[in-house]
Amino acid sequence: MRVTICDVGPRDGLQNEPETLPPATRAEFVNRLAAANLPRIEAASFVRAEAVPQMAGAEDVVRAIERREGTEYSGLALNVKGYERLVASGLDRVNFTLAATDSFSRRNANQSVAEARAAAADVLGWSEVPVTITISVAFGCPFEGKVDPGVVAELAAGLAGAEVVLADTIGVATPRQVRQLVERTHAPGVHLHNTRNTGYANAVAALEAGATLFDASCGGLGGCPYAPRATGNIATEDLVYLFAGDGVDTGIDLDALIATSEWQEGVLGRRLEGQVYRAGAWAG
């Protein structure tokens, strides 16, 4: 079995860091991931610099990327203006985020769910590039609590033509919840955080339910600036190790990925959340 892993480290991984890395360093991060045979990388975020300063200079990041055949380069947009900037930059795919609750949508994108749905429909209608729509806070919202699976299913059903990803933005989901929502929505993708140490179990549950696209972040970097106490994504190298041990093919060079996390540890000057890059791969 073959699955696609999208490394969101250069975007979701770095957006919650206290320091802002220069575009050249962020582009090098992308290039290192591509050299590790990542099939998809979320390279940049086209949001207002004053809102998320860590993502400033998205166009500069894209210009500095050394494009590698076999890697698809995507970016995040929260509205039509962001989408237009993304397409103009030359990236291959747009990741458009749609929150499942009004409270989170207003804090994250300054619009209601209804307004975000309308914007998503516009993008789907005339996008020049493939569209992934991530339904954020699909399992729980930091402001409204538990999210009704029926609300998420209704949102997903209205996104015909998009690749849908269910996001456990604040890391509250458990395997049964993930399995049931993936089965109910038929969403091909999941975006998981390991905030409460359920992220990897949730990935296995999603795989068993039919998911074939998994967001992860090199070294376990990440967290949403608009979600209190949200911590890192599941670590890409940990997920690759897990899948490889269970006979699931990702096509990713684990050693090169570990080296990238080691490099990123030096860039940030701190230990990262991932486990495999510190323990090392095991060929037993």
Side-chain angles (χ1 to χ4, degrees), residues 2-45 54-55 57-58 60-76 91-93 95 189-194 199-200 203 213-223 231-245 248-283:
R2 182 72 176 258
V3 300
T4 298
I5 293 180
C6 174
D7 195 295
V8 299
R11 196 278 300 177
D12 196 23
L14 295 179
Q15 71 175 6
N16 211 34
E17 288 295 313
E19 66 267 42
T20 298
L21 299 183
T25 303
R26 286 146 55 197
E28 182 177 356
F29 190 12
V30 173
N31 293 337
R32 286 173 178 266
L33 291 170
N37 297 329
L38 263 296
R40 189 185 297 183
I41 302 168
E42 192 174 47
S45 177
Q54 296 89 337
M55 293 291 102
D60 294 332
V61 173
V62 176
R63 279 191 290 268
I65 292 172
E66 299 169 3
R67 293 295 185 97
R68 186 181 179 92
E69 186 177 352
T71 296
E72 183 181 51
Y73 299 85
S74 71
L76 177 76
L91 288 178
D92 305 316
R93 174 180 290 271
N95 180 17
V190 290
H191 176 105
L192 304 170
H193 286 241
N194 200 42
Y200 301 99
L213 170 65
F214 297 82
D215 285 356
S217 177
C218 189
L221 290 171
T231 53
N233 297 269
I234 56 175
T236 310
E237 61 272 25
D238 294 25
L239 187 63
V240 170
Y241 177 84
L242 171 63
F243 280 170
V248 178
D249 183 20
T250 65
I252 296 171
D253 183 336
L254 180 57
D255 290 333
L257 195 56
I258 289 171
T260 300
S261 284
E262 292 171 341
W263 169 81
Q264 190 61 263
E265 181 183 65
V267 169
L268 296 174
R270 65 173 179 83
R271 194 177 81 169
L272 308 183
E273 296 297 324
Q275 300 287 321
V276 169
Y277 92 93
R278 285 181 277 125
W282 185 65

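For clarity, every value in this text was computed on a predicted model and none was experimentally measured.
The heavy-atom pair separating Val8 from Ser217 by the smallest distance is CG2-CB, 4.1 Å. Contact record, Cys218 with Thr236: N-OG1, 3.1 Å, taken as the closest heavy-atom pair. The minimum heavy-atom distance between Ala34 and Ile41, with the atom names listed, is N-CD1, 3.5 Å. Leu192 approaches Gly199 most closely through the heavy-atom pair CD1-O, 3.6 Å. Here the closest non-hydrogen pair linking Ala44 and Val62 is CB-CG2, 4.5 Å. Nearest approach of Ser45 to Ala58, heavy atoms of both residues: O-CB, 3.6 Å.
Annotation: side chain of Val267 is in contact with side chain of Leu21 (closest heavy-atom distance under 4.5 Å).
Note that Arg40 lies outside the cation-pi zone of Tyr73, set by a 6.0 Å cut-off to the ring centre and a 45° limit from the axis.
Heavy-atom contacts from other residues, nucleotides or ligands closer than 6.0 Å to CD of Glu19 number more than 12.
Using modelled atom types, no side-chain atom of Arg26 and backbone atom of Val61 make a donor-acceptor pair closer than 3.5 Å. Without hydrogens or angle criteria, Thr71 side chain to Arg67 main chain gives no donor-acceptor distance under 3.5 Å. Judged by distance alone, with hydrogens and angles left aside, the side-chain atoms of Asn31 form a donor-acceptor pair with the main-chain N or O of Glu66 at under 3.5 Å. Judged purely by atom type and a 3.5 angstrom limit, Tyr241 has no side-chain atom pairing as donor or acceptor with the backbone of Leu254. Between the Tyr277 side chain and the Asp238 main chain, no donor and acceptor come within less than 3.5 Å of each other. Of the possible polar contacts, none joining the Asn233 side chain to the His193 backbone as a donor-acceptor pair under 3.5 Å is found.
The aromatic rings of Trp263 and Phe29 are tilted relative to each other, their planes meeting at an angle between 30° and 60°.
Sorted by first and then second residue, the pairs that involve residues 255-278 and meet salt bridge (charged side-chain N to carboxylate O under 4.0 Å, His left out), not counting sequence neighbours, are Glu17-Arg270.
Looking at Asn95 and Glu42, their side chains do bring a donor and an acceptor atom within 3.5 Å of each other. No hydrogens or angles considered: a donor-acceptor pair under 3.5 Å links the side chains of Ser261 and Glu237.
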Any chance you could lay out the side-chain contact (heavy atoms from CB on, under 4.5 Å) test for Leu221 and Leu268, step after step, and finish with the verdict? CA-CA 11 Å; Leu221 290 171; Leu268 296 174; 3.6 Å; yes
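Asp253 is linked by a side chain to side chain donor-acceptor pair (under 3.5 Å) to nothing, counting only residues two or more places apart in sequence or in another chain.
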